[in-house]
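A short write-up of the structure that comes next.
What you are looking at is a predicted structure, and each value in this text was computed from that prediction instead of being measured.
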Amino acid sequence: MQEKYTFVTEEGLQQLKDELEFLKITRRTEVAAAIKQATAFGDLSENSEYDEAKNEQAEVEKRILELEQMLKNVKIINSNETSSVISVGTKVRIFNNFLEEEAEYQIVGSTETDPFNNLISDESPIGKALLGHKPGDKVNVVTPAGEITIEVLAIL
């Protein structure tokens, strides 16, 4: 089985580490306190506070495991490095023929995706289609709305 890397910038790596630290130190303590308080109410079989706290504990532990796994397989991307082809970390200007407009995006790993700030995942239809292309290339992208053509104008 091929390892799945988590592509992140230096800032993204720090955010993942900060979230993991918060969950381990703060949230675990808060959830443990909520469980302790809920057990004080007595009968656990009909104790919704206890059930809710245990569910929250499971979610926190699940996220901790996810973050730890991501951090084991992290690959740092350098967003300041310019290349002749699009890769994770690349900033690119494109022309979307369907919308008839230009747009600028940075291709990032899935943990840093923020479409409202033009950060698109390397796993998204557009991000995946752009990988390996260079300025002047026309790329067909299959999206949920149908197939569109994007022209790569520049790597920034």
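Summarising the geometry, atom NZ belonging to K128 is positioned 7.0 Å from atom CD belonging to E123; distances are rounded to the nearest 0.5 Å. Separation of atoms CD (E102) and CZ (R93) is listed at 6.0 Å; rounding is to 0.5 Å. The CG atom of N55 sits 10.5 Å away from atom OH of Y50, with the distance rounded to the nearest 0.5 Å. Between I107 atom CD1 and F7 atom CZ the span is 12.5 Å, to the nearest 0.5 Å. Taken to the nearest 0.5 Å, the CG atom of D137 stands 13.0 Å off from the CD1 atom of I94. Here CD of Q15 is found 13.5 Å from CG of L20. Values are rounded to the nearest 0.5 Å.
Heavy-atom neighbours of E66 CD from other residues, nucleotides or ligands within 6.0 Å: above the threshold of 12. The number of heavy atoms from other shown groups lying within 6.0 Å of CD (E147) is above 12. Within 6.0 Å of the CZ atom in F98, the count of heavy atoms belonging to other residues, nucleotides or ligands does not exceed 12. The 12-atom threshold is exceeded at CD of E68, counting heavy atoms of other residues, nucleotides or ligands nearer than 6.0 Å.
Side-chain N/O atoms of D18 and Q14 include a donor and acceptor closer than 3.5 Å.
Under the 4.5 angstrom side-chain criterion for Ile, Leu, Val, Met, Phe, Trp and Tyr, the cluster partners of L153 are F95. Side-chain heavy-atom separations under 4.5 angstrom define the hydrophobic clusters, and F116 shares its cluster with no other residue. Listed by chain and number, the hydrophobic cluster partners of V108 are L119, where partners are ILVMFWY side chains within reach of under 4.5 Å, directly or through others.
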Worked check of side chain to side chain contact (heavy atoms under 4.5 Å, CB included) between L16 and V8: CA-CA 9 Å; L16 292 175; V8 294; 3.9 Å; yes
T6 and N73: CA distance, side-chain angles, deciding distance, side chain to side chain donor-acceptor pair (under 3.5 Å) verdict: CA-CA 6 Å; T6 302; N73 297 309; over 6 Å; no
Steps toward side chain to side chain donor-acceptor pair (under 3.5 Å) verdict (T9, E112): CA-CA 8 Å; T9 60; E112 294 183 85; 2.6 Å; yes
Intermediate values then yes/no, side chain to side chain contact (heavy atoms under 4.5 Å, CB included), V60 and I64: CA-CA 6 Å; V60 167; I64 287 172; 3.9 Å; yes
Pair H133-V85, side chain to side chain contact (heavy atoms under 4.5 Å, CB included): steps then yes or no: CA-CA 5 Å; H133 287 279; V85 297; over 6 Å; no
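Judged purely by atom type and a 3.5 angstrom limit, T90 uses its side chain to pair as donor or acceptor with the backbone of S87. For the pair N96 (side chain) and E101 (backbone), a donor-acceptor distance under 3.5 Å is absent.
Of the residues listed (V141, L99, N97), the one engaging I148 in a side chain to side chain contact (heavy atoms under 4.5 Å, CB included) is V141, and it is the only one. Among I120, I86, N117, the single residue meeting the side chain to side chain contact (heavy atoms under 4.5 Å, CB included) criterion with Y105 is I120.
The residues K24 and E21 are annotated as not salt-bridged, no charged nitrogen and carboxylate oxygen being separated by less than 4.0 angstrom. We find that R27 and E61 are not joined by a salt bridge, their nearest charged nitrogen and carboxylate oxygen being 4.0 Å or further apart.
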